[in-house]
Novice: 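Supplied in structure tokens, the structure appears directly below.
This is a predicted model, so every value here is computed, not measured.
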Amino acid sequence: MAAHEIHHDLPEEDPHNPYASSNRWRHQESSAFARAAVARDPHTSHTHTRDLSDYLHSTRIESEHTDTNGAANYQPIVIGDTNGAHNGTVVDDGKEVVCGPLLNYRRMDGRTWYGSVLIVTKGGGKTLNFQPTLTVGRVEVASGQPGLLHEGSGVNGGANAIRSSHGTDVAGICLYSDPRNTFWQFSLTCDISETETKWAYSIADVRYKSATKPKTNYFFIPAITESMRLMFHSCNGFSVGTDEDAWSGPALWNDVMRSHAQAPFHVMLGGGDQIYNDGIRVKGPLREWTNIGNPKKRRDFPFPESLREACDDYYLDNYIRWYSTEPFAAANGQIPQLNIWDDHDIIDGFGSYVNEFMKCDVFRGIGGTAHKYYMLFQHHLAPPASTYTSDVPATKEAGPATDPKQLADTFVRQQAFDSSYIMGSKPGPYVAEHSMNMFSKLGSRIAFLGIDARTERTRHQVNYPETYDLIFGRLRDELGAAAAAGQPFRHLILLLGIPIAYPRLTWLENVFSSPLIAPVKFLNRRFGFGGGVFNHFDGSVDLLDDLDDHYTARTHKKERNALVKRFQSICAEFSIRLTILGGDVHLAALGRFYSNPNLHIPVEADHRYVVNVVSSAIVNKPPPAAIANLLASRNKIHHLDADTDETLMALFDKDPGNTNKTRSSNNVTMPSRNYAIITENSPNNHFTATNGHGEVADIDPSENQFDGKDGHSFLSQGEFGAGTKHKSAAYETHGKSSDGALDVCIRVEIDQHDKEGKTEPYGLTIPVLNYEPGKFGSNAHTHHLRHHRSRPETAGALSTVPSTAPSMPVSAPEAGR
């Protein structure tokens, strides 16, 4: 049977993505495909359920060429089912699923929801024995449904599984296949209804390696007039050397699934480190290289095909292992994902070591290999045809160059990116690929922006200036179009891998990079003195790469401040509230920017008021309490400029459960595993929580109670009473008001030894922004920072109402930090 090509014309209603590189192909299928793929209402549809598969077969024609980059734009040859035998030899039949299904969300366009499902099957190559088919359908209106955990019969393929009359068939698209495994992607295109809907999908004629894997999975899509319920997590794995049993494995995913059963999440946002690949240097193929004592020899070490192949095996096996680990695996198949990556998705500290070392063959090689599997597992996209190897120097740069050895008995689909991606203008300095930033709509009134802050990262930059221009150009286009259509976004969720409103550790940076450290580094290189203090890569102090990663590091300070100011302009221009999600630091915290109190701008009208939800880690162990307490002691009021201050908020009114995780004066950092839930208080809700609080009905703070307060106090009614008793912390009242604000709940692990992963909730509310141009003044004309509290000239303007914030250390402001 000849190879086949499936041509997909660009849909008329969805023009070419102007934000992608000019040589990229569209990922989305044709309008005819979309019409065939939309799963019809099982109670009203009279259309034959094989429409999609019939359409796919009718559009197949012979392929006459292979793209110049070595990646084919057709399906691999699929021969008839041989029942596991070929020429008398037992072979893989291609039906055993070794990983997945993994569910992704991409975008919404009009009344259509776009997503994808990925499975990884055993065996493969250019010739395949089997092409799987997925069936997807809307099974019922979701309102009032108990969720997923109580539907055992349906989940296990029993009486409530999808019936053929209820679904649309979607043929699998092969993204990548070699003799080890095959990656099948299924594009999902679902209609959005007037009410929240529940959807089901299953894949026929496959065998799951895990006997407990459900045959049918469910997901939820919000009503056309509602925004999505969000779950945010980061640092989803263990660092090298961690006693995983002592931390009960990925126990918090049990709590995620319990929360999902109460009020199903429409999307989960991965803030980086969805997997930890650091073991490649300890038990993997880089162990020999890591043990080379001489930094120059380590830097000059080649990355030949044999080492590339071994590293490729490591990343593949580690992804399959981790993404098949329960209960994380259960969430993968039921909650659509949107992910960005960070260093541990590659290797610890990638991008933040010295430039000469980052440019070495080994780091370029593992950067390309990690990117390959990041594309496949986390984005369900075809990877580049070849990754870097020193045997083929042309693979060092992005472009059509390929390595014939990597393409032996291997199929790689033509790369394509849909309109949700904002592709960087040029390849990264150490990963020869374009950054993959994302814009998407999270329901009716929430916009999403994810910045790829790893692909272009060096010790002295996070992203290229040209990339920021592309991102903000796209953002203005999207927000402007929504406003012009009379459906403006009210909230913008910005996903970053690392917190941006966070305590400074400049003094620690100064110590670690001081010339005084040089003699100790020399003794380390020559005699191994202080071995655990220095990293095995460039010989720097081990924590320095983590500090250099931070937006608040001195090397990134200028870039960070400019980024925040550009977002402030966006917020003012479109009257949209920005909320930033960040992880990486392995503890929970709540940072925020806000207008200088001497401007007397209420939070509801303050375009500079931006909350940074810091939620990390959902799996990795937290830092010692002493580190959390140290950070709390450094929680000073910093000044971005004359008009903008920043500090952490006192969110933690108590330690989780009956534990004592921090000192009594620390209410701002929580060293315990956690994740976050974010829900809009929809204007369509009919229930309003009393005074915005769940248990405290007699509290009614006056509007001027917050006027003139600094960030060591509550700044708004949404912050007032933040913690375990706030209405956002209780399931019964979370997201149930109708003022359009966002309820944020950080769920914190109580006991690391509890395999059920029970948590304590801490909440606050982020109000919508009602910006009025020109109503409030600015300090920009002054030549010095005006002070508040500790600034005597504004002391008289302060409210006489005493602060109700929990007790916490108060330090003097630090100008310009």
Novice: side-chain contact (heavy atoms from CB on, under 4.5 Å) between Ile500 and Ile580: does it pass, once the steps are laid out?
Specialist: CA-CA 8 Å; Ile500 199 166; Ile580 302 173; 3.5 Å; yes
Novice: So which atom in Asn685 and which in Ser738 form the shortest heavy-atom distance, rounded to 0.1 Å?
Specialist: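 That would be O-CB, 3.5 Å.
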Novice: Is there a donor-acceptor pair closer than 3.5 Å between any side-chain N or O of Asp343 and the backbone N or O of Asp348?
Specialist: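 Not a single qualifying donor-acceptor pair exists.
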Novice: Say whether, by atom type as modelled, one donor and one acceptor occur between the side chain of Asp273 and the main chain of Ile275 under 3.5 angstrom.
Specialist: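 No.
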Novice: Roughly how far, to the nearest 0.5 Å, is CD1 of Ile766 from OG of Ser728?
Specialist: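 Between atom OG of Ser728 and atom CD1 of Ile766 there are 9.0 Å.
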Novice: What's the shortest heavy-atom distance between Pro767 and Tyr609, and which atoms?
Specialist: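 Looking at all heavy atoms of both residues, the shortest contact is CD-CE2, 4.2 Å.
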Novice: First locate atom CG of Leu587, then atom OG1 of Thr662, and finally report the distance between them rounded to the nearest 0.5 Å.
Specialist: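 The OG1 atom of Thr662 is 11.0 Å from CG of Leu587, to the nearest 0.5 Å.
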Novice: If you round to the nearest 0.5 Å, how far is CH2 of Trp341 from CG of Asp452?
Specialist: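 Nearest 0.5 Å value for the CG-CH2 distance: 7.0 Å.
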Novice: Locate the shortest heavy-atom distance separating Gly763 from Leu651; write the atom from each residue and the value.
Specialist: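 The pair with the smallest heavy-atom distance is O-CD1, 3.7 Å.
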Novice: With sequence neighbours left out, what residues match Phe232 under ring-ring contact (aromatic ring centres under 6.0 Å, His included)?
Specialist: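 Phe232 satisfies ring-ring contact (aromatic ring centres under 6.0 Å, His included) with no other residue.
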Novice: Taking atom types as modelled, find out whether His344 and Asn277 have a side-chain donor-acceptor pair closer than 3.5 angstrom.
Specialist: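 Looking only at side-chain atoms, Asn277 and His344 do not form any donor-acceptor pair under 3.5 Å.
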Novice: Do the side chains of Lys661 and Asp655 get close enough for a salt bridge, i.e. N-O under 4.0 angstrom?
Specialist: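 Result for this pair is no, no salt bridge flagged.
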Novice: If we ignore hydrogens and angles and just use 3.5 Å, is the side chain of Asn666 paired with the main-chain N or O of Val668 as donor and acceptor?
Specialist: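 Flag set: sc Asn666 to bb Val668 pair under 3.5 Å.
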Novice: Contact between Val613 and Val611 at the side-chain level, heavy atoms closer than 4.5 Å - yes or no?
Specialist: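 They are in side-chain contact.
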Novice: State, yes or no, whether a side-chain contact exists between Gln274 and His233 at a heavy-atom distance under 4.5 Å.
Specialist: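 In contact.
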Novice: Could you go through the salt bridge (Lys or Arg N to Asp or Glu O under 4.0 Å) check for Glu680 and Arg490 one step at a time?
Specialist: CA-CA 10 Å; Glu680 181 197 38; Arg490 300 312 313 274; over 6 Å; no
Novice: Between Asp584 and Ser616, do the side chains contain an N or O donor and an N or O acceptor separated by less than 3.5 Å?
Specialist: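 Side-chain D/A pair, Asp584 to Ser616: absent.
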Novice: Under 3.5 Å, is there a donor-acceptor pair linking the side chains of Trp247 and Asn620?
Specialist: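 Result is no, nothing qualifies.
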Novice: Nearest 0.5 Å please: distance from the OH atom of Tyr218 over to the CD atom of Gln334.
Specialist: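 Taking OH in Tyr218 and CD in Gln334, the distance rounds to 9.5 Å.
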Novice: Is the number of heavy atoms from other residues, nucleotides or ligands under 6.0 Å of Asp243 CG greater than 12?
Specialist: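 For Asp243, atom CG is crowded (more than 12 foreign heavy atoms under 6.0 Å).
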Novice: Quick one: are Arg634 and Asn629 in side-chain contact, heavy atoms under 4.5 Å?
Specialist: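 No, every pair of side-chain atoms sits at 4.5 Å or beyond.
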Novice: Distance-only, no hydrogens or angles: does the Thr647 side chain make a donor-acceptor pair with backbone N or O of Lys636 under 3.5 Å?
Specialist: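 Yes; judged by distance alone, with no hydrogens or angles, the pair exists.
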Novice: If the test is side chain to side chain donor-acceptor pair (under 3.5 Å), which one of Asn681, Thr679, Thr733 qualifies with Asp743?
Specialist: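 It is Asn681, the one option of Asn681, Thr679, Thr733 that forms the side chain to side chain donor-acceptor pair (under 3.5 Å) with Asp743.
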Novice: Would Arg229 and Glu196 satisfy side-chain contact (heavy atoms from CB on, under 4.5 Å), going step by step from the backbone distance to the final call?
Specialist: CA-CA 11 Å; Arg229 286 186 292 270; Glu196 182 180 18; 2.6 Å; yes
Novice: Is any side-chain heavy atom of Tyr675 closer than 4.5 Å to a side-chain heavy atom of Asp255?
Specialist: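 Yes - at least one pair of side-chain heavy atoms lies under 4.5 Å apart.
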Novice: Could you check whether Arg258 pairs with Glu756 (Lys NZ or Arg NE/NH1/NH2 to Asp/Glu carboxylate O, under 4.0 Å)?
Specialist: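 Looking at Glu756 together with Arg258, the answer is yes, because their closest N to O distance falls below 4.0 Å.
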Novice: Is there side-chain contact between Val768 and His491, with heavy atoms separated by less than 4.5 Å?
Specialist: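 In contact.
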Novice: Does a side chain donor of either Thr290 or Arg281 reach within less than 3.5 Å of an acceptor in the other side chain?
Specialist: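 No, because no side-chain N or O of Thr290 sits under 3.5 Å from a partner of the opposite role on Arg281.
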Novice: Using a 3.5 Å distance criterion without hydrogens, assess whether the side chain of Asn332 forms a donor-acceptor pair with backbone atoms of Leu103.
Specialist: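 Such a contact is absent between Asn332 side chain and Leu103 backbone.
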Novice: Enter the distance from Thr644:OG1 to Phe593:CZ here, rounded to the nearest 0.5 Å.
Specialist: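 Between Thr644 OG1 and Phe593 CZ, I get 8.5 Å after rounding to 0.5 Å.
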Novice: Between Asn254 and Lys755 (side chain of the first, backbone of the second, donor and acceptor by atom type, cut-off under 3.5 Å), is there such a pair?
Specialist: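 Checking the backbone N and O of Lys755 against the side chain of Asn254, a donor-acceptor pair under 3.5 Å is found.
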Novice: Provide the closest heavy-atom pair for Gly657 versus Ile750 in the form atom of the first, atom of the second, distance.
Specialist: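 Smallest heavy-atom distance, with atoms named: CA-CG2, 3.9 Å.
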Novice: Report yes or no: do Glu749 and Ser672 form a side-chain donor-acceptor pair below 3.5 Å?
Specialist: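 Distance-only check fails for Glu749 and Ser672.
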Novice: Contact between Arg673 and Ile618 at the side-chain level, heavy atoms closer than 4.5 Å - yes or no?
Specialist: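 A side-chain contact is absent here, since even the closest heavy-atom pair is not under 4.5 Å.
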Novice: Has Arg457 got a side-chain atom pairing as donor or acceptor with Ala453's backbone, closer than 3.5 angstrom?
Specialist: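 Side chain of Arg457 to backbone of Ala453, a donor-acceptor pair under 3.5 Å: yes, one is there.
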Novice: Checking side-chain contact (heavy atoms from CB on, under 4.5 Å) for the pair Leu230/Ile493: CA distance, chi angles, key distance, verdict?
Specialist: CA-CA 10 Å; Leu230 317 178; Ile493 300 294; 4.1 Å; yes
Novice: Indicate yes or no for a side-chain donor-acceptor contact from Ser234 to the backbone of Ala617 under 3.5 Å, with no hydrogens or angles considered.
Specialist: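 Not a single qualifying donor-acceptor pair exists.
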Novice: Do Asn667 side-chain atoms and Phe652 backbone N/O form a donor-acceptor pair below 3.5 Å?
Specialist: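 Present.
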Novice: If I compare all heavy atoms of Phe377 with all of Ile320, which pair ends up nearest, and what's the gap?
Specialist: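 Looking at all heavy atoms of both residues, the closest pair is CZ-CG1, 3.9 Å.
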Novice: Does Lys736 count as lying over the ring of Tyr731, i.e. NZ or CZ under 6.0 Å from the six-ring centre, within 45 degrees of the axis?
Specialist: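 So Lys736 does make the cation-pi contact.
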Novice: Return yes if some donor-acceptor pair links the side-chain N/O of Tyr502 with the main-chain N/O of Tyr551 below 3.5 Å, else return no.
Specialist: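 Not at all, since once roles are kept as given, no pair shorter than 3.5 Å links the two residues.
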Novice: Does any part of the side chain of Lys213, heavy atoms only, come nearer than 4.5 Å to the side chain of Glu326, both counted from C-beta?
Specialist: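 Glu326 vs Lys213: side chains touch.
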Novice: I want to check something: taking the side chain as every heavy atom from C-beta on, are Leu495 and Leu449 in contact at a cut-off of under 4.5 Å?
Specialist: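 With C-beta onward as the side chain, the pair stays apart.
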Novice: Considering all heavy atoms of both residues, which atom of Asn339 and which atom of Tyr374 are nearest to each other, and what is their separation?
Specialist: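 That would be O-OH, 3.6 Å.
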Novice: Measuring from atom CG of Asn635 to atom OG1 of Thr669, what distance do you get when rounded to the nearest 0.5 angstrom?
Specialist: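 These two atoms lie 8.5 Å from each other.
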Novice: Checking side-chain hydrogen bond (donor to acceptor under 3.5 Å, both in side chains) for the pair Gln378/Asp345: CA distance, chi angles, key distance, verdict?
Specialist: CA-CA 10 Å; Gln378 298 196 41; Asp345 296 280; 3.1 Å; yes
Novice: Could you check Tyr315 against Ile280 for side-chain contact (heavy atoms from CB on, under 4.5 Å), going step by step and ending with a plain yes or no?
Specialist: CA-CA 8 Å; Tyr315 280 102; Ile280 194 171; 3.5 Å; yes
